[in-house]
Amino acid sequence: MDLRQHIRGVPDFPKPGILFYDISTLLRHGPAWHEAVARMAEAIRPHAPTMLAGIESRGFLLAAPLALQLGLGFVMLRKRGKLPGATIGLDYALEYGTDRIEIQADAVRPGERVVILDDLLATGGTMAAGIELLRKAGAEVPAAAALIELTFLKGRERLDVPCEVLVSYDS
Ligand SMILES: O=P(O)(O)OC[C@H]1O[C@H](OP(=O)(O)OP(=O)(O)O)[C@H](O)[C@@H]1O
Ligand SMILES: Nc1ncnc2[nH]cnc12
């Protein structure tokens with residue numbers, strides 16, 4: 001199955017000139033979504049994770065079913081101020097301005113092998129921050145994974161681990 005047929009490019013969202021790769025149409029299609037999760041599980045398995053992590057919010061859509069498929073738990077990396085209890089945070093640069101992601105301080109045990117998931121790798125800033133935050137919390141990060149990579153933005157060059165992807169766009 002060509003997953004590309006189930007991903008919609010929406011022009012000029014969220015601002016003029018940006019082509020937004022919308023996974024809503026993939027999520028809505030049962031067989032395509034099932035296959036995407038199954039293929040992602042097989043791509044991640046060789047990295048031998050003991051746990052998964054998902055980046056808010058579209059990363060959660062992958063982390064939850066993949067954790068079930070692989071028989072693992074998963075941890076939420078959330079935007080600022082959303083997690084209760086003690087947290088560890090990391091500020092990171094966006095195209096315009098900065099953002100912050102956080103993890104609960106007791107979320108991972110030292111040396112836990114955590115594969116980090118997001119829906120899409122664009123500039124790589126979000127994924128790189130997620131990896132750094134997981135390491136700050138004591139995890140090892142053997143790999144990252146995303147459904148979609150926008151290769152022309154070279155986000156992969158910002159990562160020091162392999163990134164598994166299912167669909168790439170070069171423009
Ligand atoms: O590689 P980057 O340039 O950092 O961009 C990729 C990030 O941007 C999107 O998240 P967004 O902030 O739109 O949040 P959402 O998942 O809540 O929609 C996407 O889900 C990734 O997390
Ligand atoms: N072009 C894009 N489409 C969908 N999500 C994104 N996140 C960052 N860039 C994006």
Side-chain angles (χ1 to χ4, degrees), residues 2-29 32-33 36-37 39-41 43-44 49 51-67 74-84 87-104 107 114-137 139 141 143-171:
D2 183 4
L3 295 177
R4 230 171 260 269
Q5 290 176 354
H6 298 281
I7 297 165
R8 177 170 62 179
V10 182
D12 300 319
F13 183 86
K15 47 189 179 195
I18 303 280
L19 181 61
F20 188 86
Y21 290 90
D22 184 17
I23 61 164
S24 308
T25 36
L26 176 65
L27 297 170
R28 261 184 229 160
H29 192 284
W33 179 231
V37 172
R39 280 167 53 181
M40 193 60 104
I44 289 168
M51 192 176 226
L52 303 178
I55 306 178
E56 184 171 358
S57 60
R58 283 176 273 157
F60 295 169
L61 300 172
L62 273 169
L66 282 168
F74 81 99
V75 53
M76 295 184 287
L77 306 186
R78 297 212 62 179
K79 304 281 166 72
R80 74 175 70 234
K82 301 276 190 177
L83 288 169
T87 59
I88 303 170
L90 186 83
D91 295 304
Y92 63 101
L94 293 170
E95 208 174 347
Y96 301 103
T98 63
D99 211 341
R100 182 176 178 82
I101 48 170
E102 296 175 343
I103 186 173
Q104 285 175 320
V114 183
V115 169
I116 182 169
L117 298 156
D118 207 350
D119 67 318
L120 182 142
L121 184 71
T123 66
T126 306
M127 195 73 98
I131 293 168
E132 193 178 338
L133 181 60
L134 283 165
R135 288 178 177 150
K136 236 174 131 176
V141 183
L147 280 177
I148 301 168
E149 177 181 12
L150 307 186
T151 50
F152 55 98
L153 294 176
K154 303 187 190 308
R156 190 177 280 275
E157 292 178 6
R158 296 178 66 169
L159 309 182
D160 61 2
V161 295
C163 185
E164 304 291 347
V165 299
L166 297 186
V167 179
S168 299
Y169 293 96
D170 55 15
S171 62

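In this chain, numbering begins with 1 at the start of the sequence shown. In listed order, ligands and their atoms are each counted from 1.
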S.K.: With a 4.5 Å limit on heavy-atom distance, are the side chains of Leu26 and Leu147 in contact?
M.R.: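 Yes, side chains in contact.
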
S.K.: Select the closest option to atom 22 (O) of ligand 1 among Asp118, Leu117, Asp119, judged by heavy-atom distance.
M.R.: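 That would be Asp118.
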
S.K.: Is any N or O atom of Gly59, backbone or side chain, closer than 3.5 Å to an N or O atom of ligand 1?
M.R.: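 In this structure, Gly59 places no N or O atom under 3.5 Å from an N or O of ligand 1.
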
S.K.: Would you say Gly155 contacts ligand 1, with heavy atoms under 4.0 Å as the rule?
M.R.: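 Distance cut 4.0 Å: Gly155 fails for ligand 1.
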
S.K.: Which residue owns the protein heavy atom closest to atom 3 (N) of ligand 2, what's the atom, and how far is it?
M.R.: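 Going by distance alone, atom 3 (N) of ligand 2 is nearest to Tyr21 N, 2.9 Å.
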
S.K.: Identify, for atom 9 (N) of ligand 2, the protein heavy atom at the shortest distance, and state residue, atom and that distance.
M.R.: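 Closest protein heavy atom to atom 9 (N) of ligand 2: Ala122 CB, 3.8 Å.
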
S.K.: For the pair His6 and His29, name the ring-plane relationship: parallel under 30°, tilted 30 to 60°, perpendicular over 60°.
M.R.: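 His6 and His29: tilted rings.
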
S.K.: When you compare the side chain of Val115 with that of Leu66, does any pair of heavy atoms fall below 4.5 Å?
M.R.: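 No; the side chains remain at least 4.5 Å from each other.
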
S.K.: Provide the number and element of each atom of ligand 1 under 4.0 Å from a heavy atom of Thr123.
M.R.: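 Those of ligand 1 that fall under 4.0 Å from Thr123 are 1 (O), 2 (P), 3 (O), 4 (O).
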
S.K.: Considering the heavy atoms of Lys79, write down every atom of ligand 1 situated less than 4.0 Å from one of them.
M.R.: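 Listed by number with element, the hits are 12 (O), 14 (O).
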
S.K.: Closest non-hydrogen protein atom to atom 17 (O) of ligand 1, residue and atom name please, with distance?
M.R.: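 Nearest protein contact, heavy atoms only, for atom 17 (O) of ligand 1 is Ser57 OG, 2.6 Å.
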
S.K.: Hey, is CG on Asp91 packed in by over 12 heavy atoms from elsewhere, all under 6.0 Å?
M.R.: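 Yes.
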
S.K.: Heavy-atom contact under 4.0 Å between Leu120 and ligand 1?
M.R.: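 The answer is yes, since Leu120 has a heavy atom less than 4.0 Å from ligand 1.
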
S.K.: Do Asp22 and Phe13 have side chains that approach each other closer than 4.5 Å (heavy atoms only, starting at C-beta)?
M.R.: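 Side chain of Asp22 against side chain of Phe13, heavy atoms only: no contact under 4.5 Å found.
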
S.K.: Is atom CD of Glu56 surrounded by more than 12 heavy atoms (other residues, nucleotides or ligands) closer than 6.0 Å?
M.R.: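 Buried by this count: over 12 neighbours within 6.0 Å.
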
S.K.: Just go through Leu19, Ile148, Ile18 and tell me whose heavy atom is the nearest to atom 1 (N) of ligand 2.
M.R.: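 Checking each option, the heavy atom nearest atom 1 (N) of ligand 2 is found in Leu19.
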
S.K.: Below 4.5 Å, heavy atoms only, C-beta onward: do Ile23 and Leu120 meet side chain to side chain?
M.R.: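 No. Closest side-chain heavy atoms not under 4.5 Å.
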
S.K.: How far is atom 9 (C) of ligand 1 from the closest protein heavy atom, and which atom is that?
M.R.: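 It is Arg58 NH2, 3.3 Å.
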
S.K.: In ligand 1, which numbered atoms sit nearer than 4.0 Å to a non-hydrogen atom of Ala122?
M.R.: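 Reading through ligand 1 atom by atom, the close ones are 1 (O), 2 (P), 3 (O), 5 (O).
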
S.K.: Among all protein heavy atoms, pick out the one at the shortest distance from atom 6 (C) of ligand 2; state its residue, atom name and that distance to 0.1 Å.
M.R.: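 Nearest neighbour among protein heavy atoms for atom 6 (C) of ligand 2, to 0.1 Å: Leu120 CD2, 3.5 Å.
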
S.K.: Tell me, do Leu150 and Ile148 make a side-chain contact under 4.5 Å, heavy atoms counted?
M.R.: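 Yes; the side chains approach each other to less than 4.5 Å.
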
S.K.: For Phe60, is the NZ or CZ atom of Arg78 found under 6.0 angstrom from the centre of its six-membered ring and inside 45 degrees of the ring axis?
M.R.: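 Cation-pi check for Arg78 and Phe60: fails.
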
S.K.: Looking only at distances, please establish whether an N/O atom of ligand 2 is found under 3.5 Å from an N/O atom of Arg58.
M.R.: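 Yes - when backbone and side-chain N and O of Arg58 are compared with those of ligand 2, one distance drops under 3.5 Å.
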
S.K.: Side chains of Gln104 and Pro84, heavy atoms from C-beta outward: is any pair under 4.5 Å?
M.R.: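 Yes, side chains in contact.
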
S.K.: With a cut-off of 4.0 Å, which atoms of ligand 2 are near a heavy atom of Leu150?
M.R.: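 Checking each atom against Leu150, I get 1 (N).
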
S.K.: Backbone, side chain, both or neither: what part of Thr126 comes under 4.0 angstrom of ligand 1, heavy atoms only?
M.R.: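 For Thr126, backbone and side-chain atoms both sit under 4.0 Å from ligand 1.
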
